[in-house]
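Right, one structure below, let's go through it.
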Amino acid sequence: MSDALGFPDGFVWGSATSAYQIEGGWNEDGKGSSIWDIFCREPGRIADHSSGDVACDHYHRWQEDLELISQIGFNAYRFSIAWPRVQPSGKGRVHEAGLAFYDRLVDGLLQRGIQPYVTLYHWDLPQALQDDGGWPQRQTAERFGEYAAVVAQRLGDRVTWWATHNEPFVAAFVGHLFGEHAPGLQDPAAAFRAMHHLLLSHGLACDAIRSACRPEVKVGIVLNLNPVHPASDSDQDRQAARRFDAALNRIALDPLFRAAYPEELAPLIESLVVDLEDGDLKRIAQPLDFLGVNYYSRSVVRHDPDFALIQASQVHPPGRDYSQMWEIYPEGLGEILTRVWVDYVRACPGLPILISENGVPVPDGLDFDGRVRDVRRIRYLRDHLVQVRKALASGLPIRGYFVWSLLDNFEWAHGYQMRFGVIYVDHATGRRVIKDSGRWMTQVIRANGLAPESGF
Ligand code: IFM
């Protein structure tokens, strides 16, 4: 690291997307339906009544998108595979056209000197598996292990970095408890079972990927992690924050690193995850080759007897800086990285951390001259990269940073109302324009650091 603002040689600079959010082509070339294809058709589920049917049309425009990745200068690209493209019914028959799409994508990245970082599951479960019970059913974990083997056998000669899941907490709880994501359930038992089976399926997929790929393969998982702060100094709020932390963060970290669920959740796990078997936790806790941390914000929490499950809920302190979805709290990135390092990663020598997502939804748009001056996004990225730089300087093994997102895309229940991209997408025409934040990232990547004078 050359100077106070420089990053280590070989630092990975990437951008991230997911299949349902960008691909479109929802029923093309034999793709099966996913739970999101179905969920978006249910009235009232998506704020702007949209869907990912077309999204950014990346399924057709992928070459243009790879050119843009290259033009910005990213040396890595994190994307997910749509399971229903590869196995339209989620099991058995493997669909050649689906695999061929990802083959072309991986080859296109490698030809341009960009490392592919593959995520196997970013929430688009084949609907046929949902019809059989979905993630609350143990058999879905087994199907996922088989799917992982299929994809790893096909791409494992060229892809080194594999994440099994993106944000299992969100898939389990936002989808099965809060009902805001597909499959739209509000059922605590379904949510806790889904969480357990997602984690179990991670373990099964690790085995499958390691047996199918070259020995240098790197297998990990991507978690959404927030520092949790009590809303006040009261004992009640502090304890509420502890319970919230267990439910949000430790529910994934503890099984993965310690083969145990957090003790605060034991009564819920014991009563709800009735099919937890001996050996499950050991399978979940097999060694990782990297941990992906997605960071956006912190959670400020108060005691709340009305939320029966954990008697804790989130508040939004006035007078803070907010984006369209969350508080902007850059210090939280440093805090969560340090906490993950101290409590979990330090015990695993050689295990790197990737910041696998970080970004912000702030309103932006094309100015008269065709530029997108997204100055708040640049400030957000800069302030968060300062935190990454500080964490590196304290010795944390951070290997890379991926901006969420490459493109303005389908932001789940918010539809297209949120713009996270460093590339602007005109959703009516599909036209792409690199925003000022994308041009700023080019400078950062070229300098391998935060130039004091950025010109923006
Ligand atoms: O768009 C999502 C992504 O799919 C998962 N992580 C958070 C992002 C912003 O909400």
Side-chain angles (χ1 to χ4, degrees), residues 14-24 34-37 39-40 45-48 50-52 55-56 58 77-83 117-125 163-175 178 180-183 195 198 220-227 248-249 252 291-299 314 316 322-329 332-333 336 354-364 374 376-377 380-381 384 401-425 427 437:
S15 56
T17 61
S18 86
Y20 189 72
Q21 292 179 274
I22 65 162
E23 282 182 2
S34 80
I35 54 174
W36 275 94
D37 292 317
F39 184 71
C40 292
R45 293 299 198 181
I46 309 299
D48 60 1
S50 65
S51 73
C56 303
H58 171 80
Y77 175 54
R78 179 175 167 241
F79 63 95
S80 78
I81 308 265
W83 185 351
Y117 282 66
V118 166
T119 302
L120 284 170
Y121 188 73
H122 199 126
W123 310 349
D124 43 358
L125 185 73
T164 54
H165 283 284
N166 181 74
E167 303 181 357
F169 169 90
V170 176
F173 288 93
V174 185
F178 307 127
E180 291 162 12
H181 279 192
M195 187 69 190
L198 282 155
I221 188 166
V222 168
L223 304 179
N224 55 299
L225 301 175
N226 285 10
L248 177 69
N249 297 320
L291 176 68
V293 174
N294 290 355
Y295 176 77
Y296 291 91
S297 188
R298 66 168 173 168
S299 302
Q314 219 173 319
H316 302 288
Y322 285 93
S323 71
Q324 288 175 293
M325 282 167 72
W326 300 297
E327 182 186 347
I328 298 181
Y329 188 72
L333 177 54
I336 200 70
L354 286 174
I355 294 145
S356 33
E357 288 181 25
N358 179 233
V360 70
V362 280
D364 64 29
D374 54 337
R376 285 187 77 200
R377 180 167 294 102
Y380 179 98
L381 297 177
H384 286 74
Y401 174 92
F402 291 73
V403 178
W404 184 271
S405 181
L406 178 70
L407 302 165
D408 290 337
N409 59 44
F410 177 77
E411 177 55 25
W412 308 111
H414 297 281
Y416 297 96
Q417 294 175 332
M418 303 296 160
R419 292 187 175 271
F420 274 91
V422 293
I423 297 176
Y424 178 86
V425 178
H427 293 301
S437 58

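In each ligand, atom 1 is the first atom listed, and ligand 1 is the first ligand listed.
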* Backbone N or O of Leu223 within a donor-acceptor pair of the Glu167 side chain at under 3.5 Å? -> no
* Asked: Is the shortest N/O to N/O distance between Trp412 and ligand 1 below 3.5 Å?
  -> yes
* **Any donor-acceptor pair under 3.5 Å from Tyr121 side chain to Thr164 backbone** => no
* Below 4.0 Å from any atom of ligand 1, is there a heavy atom belonging to Trp326? -> yes
* Structure fact -> For Phe420, the atoms of ligand 1 under 4.0 Å from one of its heavy atoms are 9 (C), 10 (O)
* Asked: What's the verdict on ring pair (Phe, Tyr, Trp, His ring centres under 6.0 Å) for His181 and Trp36, showing C-alpha distance, side-chain angles and the deciding distance?
  -> CA-CA 8 Å; His181 279 192; Trp36 275 94; 5.2 Å; yes
* Structure fact -> Only one of Phe402, Tyr401, Tyr77 passes ring pair (Phe, Tyr, Trp, His ring centres under 6.0 Å) with Tyr117, and that residue is Phe402
* **Heavy-atom closest contact (Phe420 atom, Arg377 atom, distance)** => O-NE, 3.7 Å
* **Between Tyr296 and Asn226, a side-chain donor and acceptor under 3.5 Å** => no
* Asked: What do you reckon, does Met418 put a non-hydrogen atom under 4.0 Å from ligand 1?
  -> no
* Would you mind checking which non-hydrogen protein atom is closest to atom 10 (O) of ligand 1, with the distance to 0.1 Å? => Glu411 OE2, 2.6 Å
* **Closest approach of any protein heavy atom to atom 8 (C) of ligand 1, naming residue and atom** => Tyr296 OH, 3.4 Å
* Structure fact -> Any heavy atom of Asn166 under 4.0 Å from ligand 1? The part involved is side chain
* Asked: Can you tell me which residue and heavy atom of the protein come closest to atom 7 (C) of ligand 1, and the distance to 0.1 Å?
  -> Glu357 OE1, 3.3 Å
* Structure fact -> With sequence neighbours left out, the residues meeting salt bridge (charged side-chain N to carboxylate O under 4.0 Å, His left out) with Glu357 are Arg78
* For Glu167, the ligand 1 atoms whose distance to one of its heavy atoms is below 4.0 Å -> 5 (C), 6 (N), 7 (C)
